[in-house]
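Below is one structure, written out as structure tokens, with a few remarks after it.
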Amino acid sequence: MAPRRMGRLRRAGRRRARRLLSHPLLGARLARRAGGGPAGRPVDGDRAAIALPVPVARVAVADLKSHLEETVELRGWVHAVRDQKRMQFVVLRDETGLAQLILGKQEQPSELNETISALTPESAVTVAGLVVADERVKLGGLEVQLASLSVDSPAEPELPITPDSALDKRIDWRYLDLRRPDRRLIFEVQSTVEHAMREHWREQGFIEIHTPKLMGSASESGAELFKVDYFERTAYLAQSPQFYKQMAMAGGFGKVFEIGPVFRANPSFTSRHDTEFTSVDVEISWIDSHEDVMAFEERWLAHVLTVVAERHGEQISSTFGVEVGAPKLPFPRITLAAAKDLLEAGGHEAGGGGLDPDHDLDPPSERALSAIVAEQTGSEFVFVCDYPTSVRPFYHMRHPDQPTLTRSFDLLWRGIELTTGAQREHRYEQLLAQARAKNVEVDQVQYYLDFFRYGAPPHGGFGFGLTRLLMQMLGQDTVREVTFLYRGPNRLEP
RNA sequence: GGGGGCGUAGCUCAGCUGGUUAGAGCGCUGCCCUGUCACGGCAGAGGUCGCGGGUUCGAGUCCCGUCGCUCCCGCCA
């Protein structure tokens with residue numbers, strides 16, 4: 001930190017200390033803390049004046065109940081002001097909750113009364129006061145009798161958004177939108193999700209990797225890559241860490257994961273796509289088939305959901321009206337062909353050749369399949385496996401006895417595709433042949449093919465959409481709601 | 001990229017078959033109200049009806065173009 005800034009901070013700290021000392025309620029307490037109180041040695045006035053006060057720690061709203069009859073400092077935002085003839089109420093919101101502040105008003109309003117009358121919602125304030133219990137107060141049966149209030153940063157009157165503003169407008173003013181507790185909860189859950197994922201990986205001996213997002217050539221198709229000026233040539237933003245996590249297999253890492261950004265240049269206008277999103281990637285060596293990958297993924301997800309349910313289940317239920325719980329294992333598995341038979345038998349009609357053997361399921365079919373599986377097995381999750389080579393990349397391993405089918409899978413949750421995974425082809429000659437059969441420009445991916453020339457373990461893995469998981473988990477209808485800052489074809493700001 | 005929908009006050013919306021000064025709720029401003037808690041009461045300010053062109057005596061309303069947003073499909077995580 002620059003010395004200049006340090007100086008400013010120190011000065012601000014002294015100002016704050018003086019302000020607090022000047023309050024009749026706080027002054028005594030601060031003096032006690034400084035050593036002059038009943039528990040400390042008696043000190044003369046001069047020494048007490050020189051001694052720096054021990055600052056009153058900021059108390060979180062959620063902890064107020066353990067500070068009854070104490071004077072505390074609170075810092076947060078003005079949630080509401082109810083300015084009456086004889087009584088003023090301010091509802092203060094901080095990261096942990098809402099609290100009522102109260103101040104009486106005499107015939108001649110005090111300076112503090114005037115300050116409160118002029119408060120605008122969402123102003124950032126620091127207040128001090130005595131915490132008292134009062135059963136009249138609906139907010140937790142307690143309130144803070146105001147001794148002081150200072151505005152750290154006023155909010156202009158008339159906020160540009162309200163909680164029910166259109167999502168696009170809320171994203172324009174995302175920092176205001178994020179102040180709302182229900183939106184904050186989304187990101188608290190996201191933190192828990194990522195932590196639980198890492199917990200499980202670390203228990204299982206995985207290594208976390210960070211792969212480059214700047215690449216010299218396409219990693220897969222090339223059609224959906226963003227180009228970037230890179231000195232005298234063109235670079236591409238990684239649309240997947242796919243090749244690099246496989247490189248970690250060739251590098252002997254055994255089991256790896258990465259949580260990181262990926263970039264897709266598709267002009268996709270749906271509720272579940274963005275041009276930059278957080279991908280969760282896993283790759284595991286020494287597997288026998290894609291079944292091993294699925295077996296890992298379902299246990300890993302069950303752990304995540306269990307932890308989220310324990311920690312946030314009640315709040316998610318009361319805030320979003322959805323239940324999160326540990327899923328039953330194993331998840332049902334169904335081949336793509338059998339899934340189509342099931343849909344056909346159920347009378348489902350897909351558009352765009354959705355039920356043709358060579359096509360993937362279209363979104364309505366995925367939703368219908370999830371509904372049928374849920375009804376028949378009680379599982380909200382379903383692995384769809386054995387996709388035809390026509391809809392899978394060249395590096396997916398084929399079934400030895402059915403060369404038109406791959407050892408691959410998708411994971412659907414409540415009708416949305418969360419994951420694509422597969423066993424990878426690790427035999428160089430076979431991989432080369434499959435690349436040529438798919439018309440891949442071999443010289444562009446030669447560096448990747450080389451991974452398999454000097455002894456590569458059989459391996460497989462999956463890619464997983466973090467925001468799609470959150471969207472389904474929290475009953476949100478778009479990934480934009482659960483993305484800190486959404487990026488789409490028409491959205492580069494804020 | 002293909003198809004549908006929307007764009008009216010700071011916010012959310014209403015404005016029927018084209019017809020005088022374009023409305024509501026919330027918010028905002030002022031006044032009133034001894035404990036509010038979605039506080040309440042009274043008054044007020046606030047709108048080039050996304051933009052451009054056209055049809056018409058007359059356009060928020062109809063037509064064309066354009067921009068923005070949105071949903072579905074394609075693509076995928």
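By convention in this document, chain letters (A, B, ...) are assigned in the order of the sequence lines, proteins followed by strands, and residues within each chain are numbered from 1.
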Note to self: I need the CG-C1' distance between A/Asn266 and B/rC73, as an integer number of Å.
What the structure shows: 14 Å
Next item on the list: Please report, rounded to the nearest Å, how far the P atom of B/rC76 is from the CG atom of A/Leu361.
Entry: 13 Å
Next item on the list: Could you tell me the separation between the CD atom of A/Glu417 and the C1' atom of B/rC75, rounded to a whole number of Å?
Entry: 11 Å
Notebook entry, point to check: Donor-acceptor pair under 3.5 Å: do we get one between A/Ser268's side chain and the base of B/rC75?
Noted result: yes
Note to self: Side-chain N or O of A/Arg272 versus OP1/OP2 of B/rC73: is the shortest distance under 4.0 Å?
What the structure shows: yes
Next item on the list: Could you tell me the separation between the CG atom of A/Asn113 and the C1' atom of B/rC33, rounded to a whole number of Å?
Entry: 15 Å
Note to self: Considering every strand and a 4.0 Å limit on heavy-atom distances, what is the contact class for A/Thr120: base, sugar-phosphate, or nothing?
What the structure shows: nothing
Next item on the list: To the nearest 0.5 Å, tell me how far A/Glu143 CD sits from A/Leu101 CG.
Entry: 9.0 Å
Margin query: Using every non-hydrogen atom in the two residues, find where A/Val479 and A/Met471 come nearest and quote the distance to one decimal.
Written below: N-SD, 3.5 Å
Next item on the list: Taking atom P in both B/rG74 and B/rG65, compute the distance separating them and give it to the nearest angstrom.
Entry: 28 Å
Check: Where does RNA chain B form stems of at least three consecutive Watson-Crick or G-U wobble pairs, each pair having both distances below 3.5 Å?
Finding: B:1-7 with B:67-73, B:10-13 with B:23-26, B:28-32 with B:40-44, B:50-54 with B:62-66
Item checked: pair A/Val482-A/Leu469: side-chain heavy atoms closer than 4.5 Å -> no
Notebook entry, point to check: Roughly, in whole Å, what's the span from CD in A/Glu122 to C1' in B/rC28?
Noted result: 15 Å
Atom pairs under 3.5 Å, N or O on each side, protein against nucleotides 3-13 of chain B: can you list them with distances?
unit_1, atom_1, unit_2, atom_2, d
B/rG10, O2', A/Leu159, O, 3.3
B/rC11, OP1, A/Lys169, NZ, 3.0
B/rC11, O3', A/Ser165, OG, 3.1
B/rC11, O2', A/Thr162, OG1, 2.7
B/rC11, O2', A/Ser165, OG, 3.2
B/rU12, OP1, A/Ala166, N, 3.0
B/rU12, OP2, A/Lys169, NZ, 3.4

Item checked: Positions of residues 469-491 of chain A (non-hydrogen atom under 4.0 Å from RNA chain B), listed by number -> A/Arg480, A/Asn490
Margin query: Could you go through A/Phe206 and A/Phe296, starting from their C-alpha distance and side-chain angles, then the distance that decides it, and tell me whether this counts as ring pair (Phe, Tyr, Trp, His ring centres under 6.0 Å)?
Written below: CA-CA 12 Å; A/Phe206 279 69; A/Phe296 169 81; 5.0 Å; yes
Notebook entry, point to check: Does the gap between the ring centers of A/Phe462 and A/Trp300 come in under 6.0 Å?
Noted result: yes
Notebook entry, point to check: Looking across every strand, which nucleic acid part, if any, lies under 4.0 Å from A/Arg93 by heavy atom: base, sugar-phosphate, or nothing?
Noted result: nothing
Item checked: Positions of residues 176-190 of chain A (non-hydrogen atom under 4.0 Å from RNA chain B), listed by number -> none
Margin query: Check A/Asp274 with A/Arg264, please: is the shortest side-chain N to carboxylate O separation under 4.0 Å?
Written below: no
Item checked: Sole candidate of A/His396, A/His459, A/His399 that passes ring-ring contact (aromatic ring centres under 6.0 Å, His included) when paired with A/His290 -> A/His399
Checklist line | 5' priority, RNA chain B, between A/Lys105 and A/Thr467 [closest heavy atom] | finding: A/Lys105
Next item on the list: Look at the aromatic rings of A/Trp413 and A/Phe381 and report parallel, tilted or perpendicular, splitting at 30° and 60°.
Entry: parallel
Checklist line | A/Glu95/A/Arg180 salt bridge by N-O under 4.0 Å criterion | finding: no
Next item on the list: Taking the six-membered ring for Trp and the single ring otherwise, decide whether the centroids of A/His195 and A/His200 are under 6.0 Å apart.
Entry: no
Note to self: Is any side-chain heavy atom of A/Leu68 closer than 4.5 Å to one of A/Val132?
What the structure shows: no
Margin query: Ring centroids only, cut at 6.0 angstrom: are A/Phe243 and A/Tyr448 within range, meaning strictly under it?
Written below: yes
Next item on the list: Produce a footprint string for nucleotides 34-44 of chain B: one letter per nucleotide, 5' end first; B if the base is under 4.0 Å from any protein heavy atom, S if only the sugar-phosphate is, - if neither.
Entry: BBBB-B-----
Next item on the list: For A/Glu441, enumerate each residue passing the salt bridge (charged side-chain N to carboxylate O under 4.0 Å, His left out) test, keeping only those at least two apart in sequence or located in another chain.
Entry: none
Checklist line | Touch class at under 4.0 angstrom, heavy-atom based, for A/Phe462 against every strand present | finding: nothing
Check: So, A/Phe409 versus A/Phe331, ring centres under 6.0 angstrom or not?
Finding: no
Checklist line | Nearest-nucleotide pick for A/Asp168, side chain only, options being B/rC76, B/rU70, B/rG74 | finding: B/rU70
Note to self: Can you tell me if A/Phe464 is stacked onto the base of B/rA77, using a 5.5 Å centroid cut-off and an angle below 30°?
What the structure shows: no
Item checked: Enclosure of A/Glu114 CD (heavy-atom neighbours >12, cutoff 6.0 Å) -> yes
Margin query: I want to check a possible cation-pi pair here: A/Arg491 against A/Tyr486, using under 6.0 Å from ring centre and within 45° of the ring axis as the test.
Written below: no
Notebook entry, point to check: Would you call A/Arg333 and A/Glu291 a salt bridge, taking side-chain N to carboxylate O under 4.0 Å as the test?
Noted result: yes
